[in-house]
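Since we're looking at a predicted model, the values are computed, not measured.
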Amino acid sequence: MGFLKGKTAIITGGGRAKPLTDGSAGSIGYGIAVAYAKEGANLTLTGRNERKLLDAKEELEKLYGVKVLTVVADISAGADNEAVVKNVVDKTMEAFGRIDVLINNAQASASGVTLAEHTTEQFDLALYSGLYSAFYYMKACYPYLKETKGAVINFASGAGLFGNYGQSAYAAAKEGIRGLTRVAATEWGKDGINVNVVCPLAWTSQLEQWKAYNPEAFAANVKMPPMGHYGNSELEIGRVCVQLASPDFKYMSGETLTLEGGMGLRP
């Protein structure tokens with residue numbers, strides 16, 4: 001199709017997770033990467049697991065003929081996070097000369113741990129990997145997105161919208177990202193940068209593992225959408241992210257878009 005040919009997207013948490021049993025993408029980040037590669041975009045993928053990043057690079061370049069840069073990057077308490085992010089952005093500019101889309105997908109957390117039992121380290125894990133990561137990447141990419149009239153796509157969650165049991169730190173991080181997104185949309189609209197947040201419910205390998213590890217917490221938090229299936233990481237969530245990168249996208253910048261299986265977009 002080539003809708004994004006010649007453009008560059010940074011996707012945090014974009015490594016190739018174990019595929020689902022039907023062969024589809026096992027993570028939201030990799031599903032987005034596939035959707036973008038199919039449209040011809042060059043990609044910078046970041047994450048903490050080098051092997052997953054290299055697997056993603058090999059498959060995407062082989063199947064879709066795009067260029068993929070991988071950079072190991074871990075935003076965490078005690079690290080020089082601004083330097084970590086600057087390294088990613090600098091290498092992206094060296095490789096591709098432009099940044100058109102920033103997708104803040106990375107997030108780690110200790111889901112299933114109640115608020116009373118949460119440790120400071122677990123709370124920091126969620127906030128740094130999610131909220132702080134989005135903050136640092138948005139600041140670092142801003143000058144380049146201003147040049148390209150680009151887009152920022154952040155990821156929040158129903159955990160924050162609905163107060164999911166056992167997800168206090170995760171919900172806090174995701175609600176922080178929603179607020180940050182709305183402020184950026186207000187401040188950066190004049191620069192032609194489209195900023196939105198997506199709250200997806202996708203079936204992923206991580207969700208499968210959570211169901212097996214903590215079935216009670218899973219049952220309390222994860223409900224089957226009315227259409228009878230969970231969102232597909234590539235075909236639904238990835239394609240929404242392609243749409244959000246369009247300069248003709250008609251949703252108001254700053255909206256929260258909820259994507260559930262078969263439900264499409266709901267502001």
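- Salt bridge Glu59/Lys62: absent, no basic N to carboxylate O contact under 4.0 Å.
- Looking at Glu39, its side chain never comes within 3.5 Å of a backbone N or O of Val242 through a donor-acceptor pair.
- A side-chain donor-acceptor contact under 3.5 Å links Lys174 to the backbone of Phe155.
- At least one donor-acceptor pair closer than 3.5 Å links the side chain of Glu236 to the backbone N or O of Asn232.
- A salt bridge links Glu61 with Lys57: the distance from a Lys NZ or Arg NE/NH1/NH2 to an Asp or Glu carboxylate oxygen falls below 4.0 Å.
- In this structure, OG on Ser133 lies 11.0 Å from CE on Met138, to the nearest 0.5 angstrom.
- The closest donor-acceptor contact from the side chain of Thr119 to the backbone of Gln122 lies under 3.5 Å.
- Annotation: side chain of Phe135 is not in contact with side chain of Ile177 (no heavy-atom distance under 4.5 Å).
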Test log, rule side-chain hydrogen bond (donor to acceptor under 3.5 Å, both in side chains), inputs Asn42 and Thr8: CA-CA 5 Å; Asn42 294 318; Thr8 301; 4.8 Å; no
Any chance you could lay out the side chain to side chain contact (heavy atoms under 4.5 Å, CB included) test for Val34 and Tyr64, step after step, and finish with the verdict? CA-CA 9 Å; Val34 172; Tyr64 308 113; 3.7 Å; yes
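- At distances below 3.5 Å, not a single donor-acceptor pair connects side-chain atoms of His118 with backbone N or O atoms of Phe123.
- Judged as a ring-ring contact (aromatic ring centres under 6.0 Å, His included), the pairs with a partner in residues 168-196 (not counting sequence neighbours) are, in order, Tyr142-Trp188.
- Looking only at side-chain heavy atoms (C-beta outward), Leu102 and Tyr144 stay at 4.5 Å or farther from each other.
- Atom-to-atom distance recorded for Asn105:CG and Ile28:CD1 is 6.0 Å, nearest 0.5 angstrom.
- No side-chain heavy atom of Arg48 sits less than 4.5 Å from a side-chain heavy atom of Val72.
- Rounded to the nearest 0.5 Å, atoms OG1 (Thr44) and CD1 (Ile99) are 7.5 Å apart.
- The hydrophobic cluster containing Leu125 does not contain Leu127, counting ILVMFWY residues as joined when their side-chain heavy atoms lie under 4.5 angstrom apart, directly or transitively.
- Taking CD from Glu175 and CG from Leu180, the interatomic distance works out to 12.5 Å, rounded to the nearest 0.5 Å.
- Between Ile32 and the options Ile153, Val240, Ile103, Leu45, a side chain to side chain contact (heavy atoms under 4.5 Å, CB included) holds for only Ile103.
- For Glu234 and Lys38, the salt-bridge test passes: some basic side-chain N is under 4.0 Å from an acidic carboxylate O.
- Applying the salt bridge (charged side-chain N to carboxylate O under 4.0 Å, His left out) rule to pairs touching residues 91-112 yields Arg98-Asp100, sequence neighbours excluded.
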Does the pair Asn154 and Val198 meet the rule for a side chain to side chain contact (heavy atoms under 4.5 Å, CB included), with working shown? CA-CA 6 Å; Asn154 290 334; Val198 179; over 6 Å; no
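- Put simply, the side chain of Ser157 never gets that close to the backbone of Gly160: no donor and acceptor are under 3.5 Å apart.
- Here the side chains of Val152 and Asn196 are not in contact, with every heavy-atom distance at 4.5 Å or above.
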Under the side-chain hydrogen bond (donor to acceptor under 3.5 Å, both in side chains) rule, what do Glu117 and Thr114 come out as? Steps first, then yes or no, please. CA-CA 5 Å; Glu117 296 172 328; Thr114 64; 3.0 Å; yes
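- Within 6.0 Å of the OH atom in Tyr132, the count of heavy atoms belonging to other residues, nucleotides or ligands does not exceed 12.
- In this structure, CG on Leu54 lies 5.0 Å from CZ on Arg51, to the nearest 0.5 angstrom.
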